[in-house]
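Here the structure comes first, spelled out in structure tokens, and everything after it is commentary.
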Amino acid sequence: MPELTPAWAWQIATGGPWPDPCALRGDERLMALAIQEGLKGVGLSSPNPPVGCIIAKDGKVLGRGVHTKAGTPHGEIMALRDAAQRGADVGGATAYVTLEPCCHHGRTPPCTDALLAAGIARVVVGTKDSNPRVDGGGMALLRSRGVEVTESVLGEACHRFHAPFFKLIRTGLPWVILKLALGSDGSTGPDTERTQVTPPEVQKLAHALRRACEAIVVGSGTVAVDDPQLSDRWPEPSVPHRQFLRVVLDSHGRLSPDCRIWQPLEGQPALRATVGARPTIPGVEDLQLPPGPRGCSLRHLLHELAARGVGRVLFEGGPTLAKRALAEGLVDEFHRFTSDQPAGGPPVLGQDADHFKVRTSTPFPGGHWDVLVQGC
């Protein structure tokens with residue numbers, strides 16, 4: 001089994017593990033490099049996909065690019081620019097793209113036009129773009145202009161990499177990641193006590209999940225017991241445009257204005273989700289949501305977050321929120337940290353997680369980090 005390192009934590013936080021370029025050859029090696037490039041855009045590009053691109057000729061990489069911010073150039077353009085800065089001639093080269101190049105005018109011009117203008121002779125596509133404005137049209141346009149197009153190279157990995165974008169396009173909802181730390185007894189600890197289930201070094205690595213998302217959601221019980229700040233504390237610096245929303249479900253507005261979560265953090269605004277109007281907290285925006293089971297409607301919250309450009313959201317706070325999200329069928333990935341020692345409280349999960357299957361399992365001293373997905 002792989003060792004739990006920062007690099008591996010980032011792999012599994014972004015939906016991996018991803019193919020290792022060093023273990024592959026030919027088109028697959030270069031597509032694996034494109035995925036690695038795309039990883040640099042996770043947590044930054046939403047609501048757009050973090051498309052990675054490699055420009056190569058005769059197996060030599062000429063340029064690399066990734067899309068990191070909506071409204072700015074896509075991965076293909078960035079790779080062409082990178083090649084130009086290196087003084088490379090891309091005429092007759094091949095572009096390896098994790099997602100089908102766009103063929104429509106949006107906030108930026110079509111990537112197909114740029115590839116054609118640059119003289120790219122071949123385009124290798126990881127997976128088709130299910131956006132109705134593309135949906136195979138990009139590949140069809142390239143073929144009609146004499147460009148050779150190869151589809152579905154590392155297709156499963158590329159489709160999995162872009163699954164959050166596909167869900168957003170299909171349902172209007174962000175990708176939901178649930179994180180829960182459990183003792184060997186299936187408990188998060190006593191209800192009214194702060195319990196450290198996993199060691200501090202593992203908690204630091206678990207912050208990869210926050211960096212991979214644009215929002216974090218916790219319940220009021222977690223805030224009342226732990227008084228967390230809920231900030232993005234991944235060790236690598238983030239770019240200035242990154243927004244990380246810190247959302248607290250406080251249906252009745254009972255949390256104290258003195259909680260640490262309400263303290264302002266640059267680029268990490270705090271939002272309070274309530275049912276109806278509640279007394280305000282200075283500097284904190286309220287999301288007034290309709291009621292749902294045991295509090296605010298989680299589905300309506302997800303739609304609100306999607307409207308703010310959130311493509312991935314992390315549900316991190318508490319057993320009550322975890323059980324609600326699972327019972328309502330909202331969870332796409334379940335990251336379960338299990339200690340070898342009991343936590344000393346009531347078991348959290350019943351049958352709501354039974355249909356999830358383990359995709360990866362990584363041991364750490366005193367426990368293991370499992371990633372579970374539905375029916376896989």
| request: Decide yes or no on salt bridge (charged side-chain N to carboxylate O under 4.0 Å, His left out) for Glu37 and Lys40, but give the supporting numbers first. | output: CA-CA 6 Å; Glu37 201 66 24; Lys40 301 174 184 177; 3.1 Å; yes
| Partners of Lys57 by salt bridge (charged side-chain N to carboxylate O under 4.0 Å, His left out), sequence neighbours excluded? | none
| query | For Val275, does its backbone N or O pair with a side-chain atom of Gln288 as donor and acceptor, under 3.5 Å? | reply | no
| request: State which residues pass salt bridge (charged side-chain N to carboxylate O under 4.0 Å, His left out) with Arg64; sequence neighbours excluded, sorted by chain then number. | output: none
| query | What residue pairs, at least two apart or across chains, pass ring pair (Phe, Tyr, Trp, His ring centres under 6.0 Å) with a residue in residues 72-94? | reply | His67-His74
| message | For a side-chain hydrogen bond (donor to acceptor under 3.5 Å, both in side chains) check, start with the C-alpha distance between Arg233 and Ser231, then their side-chain angles and the critical distance, and finish with the verdict. | response | CA-CA 6 Å; Arg233 298 195 295 277; Ser231 57; 3.1 Å; yes
| task | Give every residue pair that meets the ring pair (Phe, Tyr, Trp, His ring centres under 6.0 Å) criterion with at least one member in residues 266-293, sequence neighbours excluded. | result | none
| remark: dist Leu230:CG -> Thr222:OG1 (nearest 0.5 Å) comes out at 8.5 Å
| task | Apply the side chain to side chain contact (heavy atoms under 4.5 Å, CB included) test between Val123 and each candidate in Leu142, Thr112, Thr150; give the one that qualifies. | result | Leu142
| note | Contacts of Glu333 meeting side chain to side chain contact (heavy atoms under 4.5 Å, CB included) (sequence neighbours excluded), chain-then-number -> Trp175, Ile177, His335, Arg359, Val371, Val373
| task | Verify whether the ring centers belonging to His368 and Phe337 lie closer than 6.0 Å. | result | no
| Any donor-acceptor N/O pair, Asp58 side chain to Lys60 backbone, under 3.5 Å | no
| message | Between the side chains of Lys167 and Asp332, is the shortest nitrogen-to-carboxylate-oxygen separation below 4.0 Å, so that they form an ion pair? | response | yes
| query | Looking only at atom types and distance, does a side-chain atom of Ser251 sit under 3.5 Å from a main-chain N or O of Cys296, one as donor and one as acceptor? | reply | yes
| field | CG-NZ distance between Asp135 and Lys128, expressed to the nearest 0.5 angstrom | value | 4.5 Å
| Is the count of non-hydrogen atoms from other residues, nucleotides or ligands lying under 6.0 Å from Arg143 atom CZ greater than 12? | yes
| task | For Val147 and Leu116, run side-chain contact (heavy atoms from CB on, under 4.5 Å): C-alpha distance rounded to whole Å, both residues' side-chain angles, the deciding distance at 0.1 Å, then the answer. | result | CA-CA 8 Å; Val147 176; Leu116 291 167; 3.6 Å; yes
| query | Under 3.5 Å, side chain of Gln374 to main-chain N/O of Val331, donor-acceptor pair present? | reply | yes
| query | Are the side chain of Thr98 and the backbone of Gly52 linked by a donor-acceptor contact shorter than 3.5 Å? | reply | yes
| request: Taking the side chain as every heavy atom from C-beta outward, state whether Pro132 and Ile169 have any atom pair closer than 4.5 Å. | output: yes
| query | Where the side chain of Thr14 meets the backbone of Gln11, is there a donor-acceptor pair that is under 3.5 Å apart? | reply | yes
| field | Euclidean distance, Cys102 SG relative to Glu100 CD, rounded to 0.5 Å | value | 9.5 Å
| said: Strictly below 4.0 Å, N to O, side chains only: are Arg145 and Asp113 in salt-bridge contact? | reply: no
| Is Val66 reachable from Ile35 through a run of hydrophobic residues whose side-chain heavy atoms are each under 4.5 Å from the next? | no
| Minimum side-chain heavy-atom gap Val310-Glu304 below 4.5 Å | no
| With a 4.5 Å limit on heavy-atom distance, are the side chains of Val218 and Arg246 in contact? | no
| Could you go step by step and tell me if Leu182 and Val348 meet the side-chain contact (heavy atoms from CB on, under 4.5 Å) rule? | CA-CA 8 Å; Leu182 300 170; Val348 172; 4.1 Å; yes
| task | Run the numbers on Ser361 and Asp370 for side-chain hydrogen bond (donor to acceptor under 3.5 Å, both in side chains), then give the verdict. | result | CA-CA 4 Å; Ser361 183; Asp370 296 325; 2.5 Å; yes
| request: Locate the shortest heavy-atom distance separating Cys111 from Pro101; write the atom from each residue and the value. | output: CB-CB, 4.2 Å
| query | Looking only at atom types and distance, does a side-chain atom of Glu148 sit under 3.5 Å from a main-chain N or O of Arg122, one as donor and one as acceptor? | reply | no
| What's the verdict on side-chain contact (heavy atoms from CB on, under 4.5 Å) for Leu326 and Phe356, showing C-alpha distance, side-chain angles and the deciding distance? | CA-CA 10 Å; Leu326 288 168; Phe356 282 79; 3.8 Å; yes
| request: Would you mind checking if Arg86 and Asp82 are paired as a salt bridge, meaning a charged N to carboxylate O distance below 4.0 Å? | output: yes
| said: With a 4.5 Å cut-off on side-chain heavy atoms, are Leu302 and Val313 touching? | reply: yes
| task | Using modelled atom types only, decide if a donor and an acceptor are shared between the side chain of Thr274 and the backbone of Ala277 within a distance under 3.5 Å. | result | no
| message | Surrounding CG of Asp354 (heavy atoms of other residues, nucleotides or ligands, distance under 6.0 Å), is the total greater than 12? | response | yes
| message | Quick check against the 3.5 Å criterion: does Glu28 have a side-chain atom that pairs as donor or acceptor with the backbone of Val153? | response | no
| Asp250 side chain to Arg272 backbone, donor-acceptor under 3.5 Å | no
| query | Do the side chains of Leu245 and Glu214 get nearer than 4.5 Å, heavy atoms only? | reply | no
| field | From Leu62 atom CG to Ile55 atom CD1, the distance as rounded to the nearest 0.5 Å | value | 7.5 Å
| message | Centroid separation under 6.0 Å, is that true for the rings of Phe364 and Trp369? | response | no
| query | When rounded to the nearest 0.5 angstrom, what is the spacing between CG in Asn131 and CG in Leu168? | reply | 10.0 Å
| note | Between the CG atom in Leu80 and the CD1 atom in Ile120, the distance rounded to the nearest 0.5 Å is 5.5 Å
| Under a 4.5 Å cut-off applied to non-hydrogen side-chain atoms, are Met139 and Val125 in contact? | yes
| said: Between Asp232 and Arg211, does any NZ, NE, NH1 or NH2 come within less than 4.0 Å of an OD or OE carboxylate oxygen? | reply: yes
| field | Side-chain touch Leu99/Cys158, heavy atoms, less than 4.5 angstrom | value | no
| What class does the angle between the rings of Phe161 and Trp18 fall in, given that below 30° is parallel, 30 to 60° is tilted and above 60° is perpendicular? | perpendicular
| Do Arg242 and Glu236 pass the salt bridge (charged side-chain N to carboxylate O under 4.0 Å, His left out) test, and can you show the C-alpha distance, the side-chain angles, and the key distance before you say yes or no? | CA-CA 13 Å; Arg242 171 165 160 80; Glu236 295 183 9; over 6 Å; no
| said: Could you check whether any side-chain heavy atom of Leu4 comes within less than 4.5 Å of a side-chain heavy atom of Pro363, counting everything from C-beta outward? | reply: no
| task | Please report the C-alpha distance between Leu321 and Val217 in whole Å, then the side-chain angles of each, then the deciding distance to 0.1 Å, and finally whether the side-chain contact (heavy atoms from CB on, under 4.5 Å) criterion is met. | result | CA-CA 9 Å; Leu321 177 59; Val217 177; 4.1 Å; yes
| remark: By salt bridge (charged side-chain N to carboxylate O under 4.0 Å, His left out), Lys323 pairs with (sequence neighbours left out) none
